[in-house]
Enquirer: 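I have a structure here, written as structure tokens, and I will follow up with some questions on it.
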2 protein chains.
Amino acid sequence: MQARPPTMNDVAATASVGLKTVSRFVNGATNIDPVLAARIALAIEALDYRHNLAAASIRPGRSSKLIGLVISDLANPYYSSLARSIERVCSEHGYLLMSMSCDEDTERHQLLIDRLIAQRVDGLIVVPPRDDPNAWADGARWRIPLVVVDRPVTAPGIHTILADNAGGTEAATAELVRQGAARVAFIGDSLKLYTMRERLAGYRRIIEHDDLRLSARLTFTGAHTADQASDIVLSLLEKNLADAIFAANNRSTIGALRAFARAGHRLPLIGFDDFEAAPLLNPAVSVVAQDVAEMGRVAAETVLAAAQGLAPLVETHVLPTRLVLRGSEAKEISGTEWLE
Amino acid sequence: MQARPPTMNDVAATASVGLKTVSRFVNGATNIDPVLAARIALAIEALDYRHNLAAASIRPGRSSKLIGLVISDLANPYYSSLARSIERVCSEHGYLLMSMSCDEDTERHQLLIDRLIAQRVDGLIVVPPRDDPNAWADGARWRIPLVVVDRPVTAPGIHTILADNAGGTEAATAELVRQGAARVAFIGDSLKLYTMRERLAGYRRIIEHDDLRLSARLTFTGAHTADQASDIVLSLLEKNLADAIFAANNRSTIGALRAFARAGHRLPLIGFDDFEAAPLLNPAVSVVAQDVAEMGRVAAETVLAAAQGLAPLVETHVLPTRLVLRGSEAKEISGTEWLE
DNA sequence: AGCAACCTAGACAACGTTGTCTCACCGGGG
DNA sequence: CCCCGGTGAGACAACGTTGTCTAGGTTGCT
């Protein structure tokens, strides 16, 4: 049961062959006597020998073919899509991805990075922790390729993949204005978050460009939960202070929808980040969608290129977002169906 | 840049200390001269030395503290929740989880298992592939603990964690009957799938128990996509053949909802498997929910216990499902709100 | 004071694999 | 017949780490 697994030596002995010949066979060398090869294959089958990659990888210059990924929560659809996309590219290149969740805990984040380095991963893809996104990368001497996704770090010279948060918000806000809204409210989370700052910046580009000078009174950045967002939107509805809502993240969007339901009437709405339920609701919710799969692909290809010795040229890569209009941006709901 | 990372030897030389003393320090031995310990700590800091776990783990009897997980798709919320839950338990025990997606591809499934064994994981948690769920486990000689989740395999002696598919469906069907439905339709995917067979069995327990003898005419097991499910439900609605719908998986539930929308009227509905949008729709969709987190927890604890030498007693573990009633099971919709 | 028991440091071999190198062999050309 | 180049097999050391064992020092007891 708990017997020591067979080694190359065992195979070599069983096949009456030199150890190195087994090594060559296992590594797919072509110049092997077919007779010996057959004996080796038989011995491997008989012993159920498995190549020990951990042992093979300790040789200097020999890579582990492992890539590490540190995200906040694998159960979050945004991150699981990212991980899936990275995994796909890695596996195409013969690499295995190790995805770790840190729960936005700065300490655990560091622990996971250390553990992955200890496992001798060939490269690291990291979403910086929400609080204190910089410290972990600041002093570190990176002997392996590092790519940072979703949020930037201050440490210089690190490959960074970002979504165009500002541009997406700009497009969404412009659409709401185009639909006739003079007073577009911005509902979002704390400005400590890079993405929130960017999204607010995009919003302001439009609002200030149109000289509406309402941004300050209509900007709410304390909505950490859907309920808080809901309360804010509810009070806007009651006092009739806004003509449209831009919800700067998922939770704010859900909160706005709840407020609409509670108040019994709605405002034009666009949210940042797509979500599964968005097209199923009535009206279907328009969103600024990030191309998470593409972000993952670029991150993976960057880290793999670097791991294979090629130095990627671009240091910071900003991927476009897409404005997905489904109906909720309009003043009036046209259809009567309550489900798409 | 691509310099060889420092080894314990380098640390020992820098600290003017024996190699083994560094090993003891790194492994947290207590009986070390504080003076030497301080010198070692300094040297580690100066060289940015990282413990090489791959090298450490090649010693026989020394474990890699790695657990492998093979699922079909990390981006699927069901599996990402499972992975997250397993990851949590693993990390509590100091283990790292390697989650791999096989895309329901039998060949890739085998490849991933082989690769994980080659990495010398201490244990393996596997969701058998949809097609041909048995072959991969049949002849294999498992030197490491193996736990199978979600679908059973025929090979004997393998720890198995399942949800109570039949029981959950039984409860849901009974509820629909209790609400007054004489003709409950069963919409689901192919009976090649274990879960479908189980769910249908649960459905039949109620339908045949109530002697309605309608199961055959109201059982549809060819709905592979939401569209196909939608077509089936649409035709049931048009011909007024059913009083209620049991949708045996997510896609069938979505399909039924689309059919309701297209037809302009609905039937009482309960679906198997919860989904994010379910509570947001109107009426909120009632479902049979699996406790995926608990399945992951049990699977992880089983494999970890086995990896640590304890033989778990139970071989097959069936976890209860939960009937979540949100409104869609009723004949009439009471509320008027279109969003929870 | 003398001796035993204990403790820590480090030398050494081993882990399973691969890189290097040597040797044996085979065929062909001089 | 001999030599030479080419090919494939295996002996050997090395990779970075840990288990074992010994040496030496210190403490405590008689």
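Lettering follows sequence order; numbering is per chain, from 1.
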Enquirer: Going by number, which of residues 33-46 of chain A have a non-hydrogen atom under 4.0 Å from DNA chain D?
Expert: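 Heavy-atom contacts with DNA chain D come from A/Asp33, A/Leu36.
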
Enquirer: For B/Asp122 and B/Ser63, which I'm curious about, is there any donor-acceptor pair between the side chains at under 3.5 Å?
Expert: yes

Enquirer: Would you be so kind as to tabulate the donor-acceptor pairs closer than 3.5 Å made by side chains of residues 46-53 of chain A, with sequence neighbours excluded?
Expert:
from: A/Asp48; atom 1: OD1; to: A/Arg50; atom 2: NE; distance (Å): 3.4
from: A/Asp48; atom 1: OD2; to: B/Arg143; atom 2: NH1; distance (Å): 3.3
from: A/Arg50; atom 1: NH1; to: B/Asp114; atom 2: OD1; distance (Å): 3.0
from: A/Asn52; atom 1: OD1; to: A/Ala54; atom 2: N; distance (Å): 3.1
from: A/Asn52; atom 1: OD1; to: A/Ala55; atom 2: N; distance (Å): 3.0

Enquirer: For B/Asp150 and B/Tyr78, test the side chains for any donor-to-acceptor distance below 3.5 angstrom and give the result as yes or no.
Expert: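 Side-chain D/A pair, B/Asp150 to B/Tyr78: present.
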
Enquirer: So what is the end-to-end bend of the helix from C/dA1-D/dT30 to C/dG30-D/dC1, with 5 pairs used at each end and the value given to 10 degrees?
Expert: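 For the helix from C/dA1-D/dT30 to C/dG30-D/dC1, the axes at either end differ by 50°.
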
Enquirer: Using modelled atom types only, decide if a donor and an acceptor are shared between the side chain of B/Thr316 and the backbone of B/Thr160 within a distance under 3.5 Å.
Expert: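 Flag not set: sc B/Thr316 to bb B/Thr160 has no pair under 3.5 Å.
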
Enquirer: Would you give a per-nucleotide map of nucleotides 19-26 of chain D, 5' to 3', where B means the base has a protein non-hydrogen atom under 4.0 Å away, S means only the sugar-phosphate does, and - means neither?
Expert: BB------

Enquirer: Please tell me which of the listed nucleotides, D/dG16, C/dT18, C/dT8, lies nearest to the side chain of A/Met8?
Expert: C/dT18

Enquirer: For A/Arg108, enumerate each residue passing the salt bridge (Lys or Arg N to Asp or Glu O under 4.0 Å) test, keeping only those at least two apart in sequence or located in another chain.
Expert: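 Residues passing salt bridge (Lys or Arg N to Asp or Glu O under 4.0 Å) with A/Arg108: none at all.
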
Enquirer: Would you tell me if any nitrogen or oxygen in the side chain of A/Asn31 comes within less than 4.0 Å of OP1 or OP2 on D/dG8?
Expert: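 Looking at the OP1 and OP2 atoms of D/dG8, one of them is under 4.0 Å from a side-chain N or O of A/Asn31.
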
Enquirer: For residues 5-18 of chain A, pull every pair meeting salt bridge (Lys or Arg N to Asp or Glu O under 4.0 Å), keeping only residues two or more places apart or in separate chains.
Expert: A/Arg4-A/Asp10

Enquirer: Counting side-chain heavy atoms from CB outward, which of D/dG10, D/dG16, C/dT17 is closest to A/Thr21?
Expert: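 Of D/dG10, D/dG16, C/dT17, D/dG10 is nearest to the side chain of A/Thr21.
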
Enquirer: Side chain of B/Ser85, backbone of B/Ser81: donor and acceptor closer than 3.5 Å?
Expert: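 No, the answer is negative, given that no donor and acceptor are paired below the 3.5 Å cut-off.
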
Enquirer: Side chain of B/Arg4, heavy atoms from C-beta onward: which of D/dG16, D/dA9, C/dG16 has the nearest atom to it?
Expert: D/dG16

Enquirer: A/Leu19 has an atom CG; how far is it from atom P of C/dG16, in whole Å?
Expert: 11 Å

